[in-house]
Every structure is written in structure tokens, then in C-alpha cells.
Amino acid sequence: MYQQIVVLTGAGISAGSGLSTFRDENGLWEDHHIEDVATPEGYQRDPNQVERFYNARRQQFLMSEIVPNEGHIALAYLEQASAGELLIVTQNIDDLHERAGSKKLVHMHGELAKGRCPGSGQTFTLNAPFGVDNTCTCCIPGQRLRPHVVWFGEIPLGLSRIQQALARCDLFIAVGTSGTVYPAAGFVELAKHHGAQTVEVNLLPPSANSQFQYHLQGKASDVLPQLIEGILQGKPLSELSR
């Protein structure tokens, strides 16, 4: 049985719950230029536009039909049933892992359920949409909360904790992520360097230069429950990846 497991999740796992991914084929985020809605400079130029964009995303998350899928539930079960330690590192800004029951998480790209004070850096759970009246309580006067989301040009959150976990892990799983954008793209190499087995779950076949030892192709909601059942039964990855 594995003693230290790190799981990296990306947009592919949330897509199974009906959440659309941010990027389209043209490099735009749903008809918005990345530099307008996902950079500090864009926020400085037009905070109202950025807030409208993220309020629309937040509203989607609150829809009653958006619920954790079998992939999220399987990872929460693995955390509860495993005799070892499990850390989920997610690139997603939704709360579907938490709603499925996962407790040990790092949101490396932030959380849309929270706003952040631009002065103190303190985060607050959102009770209202972003706007001029949604302010922090740590400053006098209160400052307008910005989305607690890591934008392009900003440093992902929790990197020290993530790197420490990767250096100790004996199994690294990547789910529903392209694995091409750093620093997340380097996680598999770091885990392998420290002797971990590595497996990728993705809709697409592995790339020619894939660093993963094993690959399972399919939807995360279909593949993860089978993979995790096999892990808990002590089956080798070579058998599970057939």
C-alpha cells in the first residue's frame, strides 16, 4: 500500500460535473482575452469587467446541477480509506473536491469562493458577488475584495507544501490536466526523481514526450473509481493501466 500519495487535478475532472473549461481553441476565455480578465494589469485597467467575468463563473458554481462527480467522490474515499497520507493539489478554483468530502487540499490557483484583500492579503469567504460594496473587514476603511484567483504573472499558491509532498510521495497521479504549464508540468519529474510511481488519467492519449510511467485514458469520473479501487486492493499499476 502506498504511504504518501499526491494527486494533481485539472479542468478535466470538473468538466465531468458540467463546468466548462476556461480556454477554447483560439486561446480566449469564453470570448474574453486572457490579458483582460486574468492578469493584474487587466484588473487595474477595468476591475468591473474582471468582476463581471468571475461573478458569472461563481454563479455557475452555485447552480444546483453542478455537483461533485464520481471522480471527486473517489478521491475523497481514497483519503478516508487509505492507511497513508494523501494530498490533493488542484488547479481548479471550484469547491467540488471539498463538497465531495476531501479535506487535505492545496488550491494552487486560488478559490473562487473567496475574495482577497489587496492590502493585507487576507482572504474572506464570499457572501455576495464581487463589486465596490464587497469589502474586507481587516482594513479601515474596508478595501474592495479582488478574486482570490492566481492570474497570469502571479505565483501559484502553496508551492513549498506541494514540493515537500512530492519529495516524500511514493505515488503521483495527475488527473484531467494537460501538464504542459509550469510549475505543475514539473511535478511528475520531481516525483519520479524521488522514486515515486507516476500515473496519468486523461481523455487524450499520452504525448510522445510524456514523463508518466502509466497512462489511463478516459473520463476522470469513469476511470478514477476503478483506479482507486485497484490501489486500495493493492493491485500493481501495470495491471490497472492495461
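The basis for the numbers below is simple: all heavy atoms, side chains too, and nothing from hydrogens, waters or symmetry mates.
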Can you tell me how far apart [atom1] ([X]) and [atom2] ([Y]) are? Round to the nearest 0.5 Å.
X      : Y      : atom1 : atom2 : value
Tyr54  : Phe61  : OH    : CZ    : 10.0 Å
Phe130 : Arg52  : CZ    : CZ    : 14.5 Å
Asp95  : Leu105 : CG    : CG    : 10.5 Å
Leu227 : Asp222 : CG    : CG    : 13.0 Å

Non-hydrogen side-chain atoms of [X] and [Y] separated by less than 4.5 Å:
X      : Y      : answer
Glu98  : Glu111 : yes
Leu166 : His194 : no
Leu171 : Leu237 : yes
Lys219 : Leu203 : yes
Val89  : Phe187 : yes
Ile13  : Thr90  : no
Ser210 : Glu200 : yes
His72  : Ser14  : yes

Asp94 with Arg57: basic N within carboxylate O range, under 4.0 Å: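 So Asp94 does not pair with Arg57 through a salt bridge.
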Working for side chain to side chain donor-acceptor pair (under 3.5 Å), residues Thr9 and His97: CA-CA 10 Å; Thr9 65; His97 282 300; 3.0 Å; yes
Check residues 155-164 and write down every donor-acceptor pair under 3.5 Å in which the side-chain atom is one partner and the other belongs to a residue at least two apart or another chain.
{"residue": "Ser160", "atom": "OG", "partner": "Gln164", "partner atom": "NE2", "Å": "3.3"}

Test salt bridge (Lys or Arg N to Asp or Glu O under 4.0 Å) applied to Glu51 and Arg146, Arg144, Arg58, the passing residue: Arg144
Parallel, tilted or perpendicular: ring planes of Trp151 versus Tyr43, cut at 30 and 60 degrees: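 Judged by the thresholds at 30° and 60°, the geometry between Trp151 and Tyr43 is tilted.
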Under 3.5 Å, which donor-acceptor pairs link side chains of residues 73-81 to any protein atom two or more places apart or in another chain?
{"residue": "Glu79", "atom": "OE1", "partner": "Lys103", "partner atom": "N", "Å": "3.1"}
{"residue": "Glu79", "atom": "OE1", "partner": "Lys104", "partner atom": "N", "Å": "3.4"}
{"residue": "Glu79", "atom": "OE2", "partner": "Lys103", "partner atom": "N", "Å": "3.1"}

Side-chain (Asn134) to main-chain (Leu145) donor-acceptor, under 3.5 angstrom: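 It does not hold such a pair.
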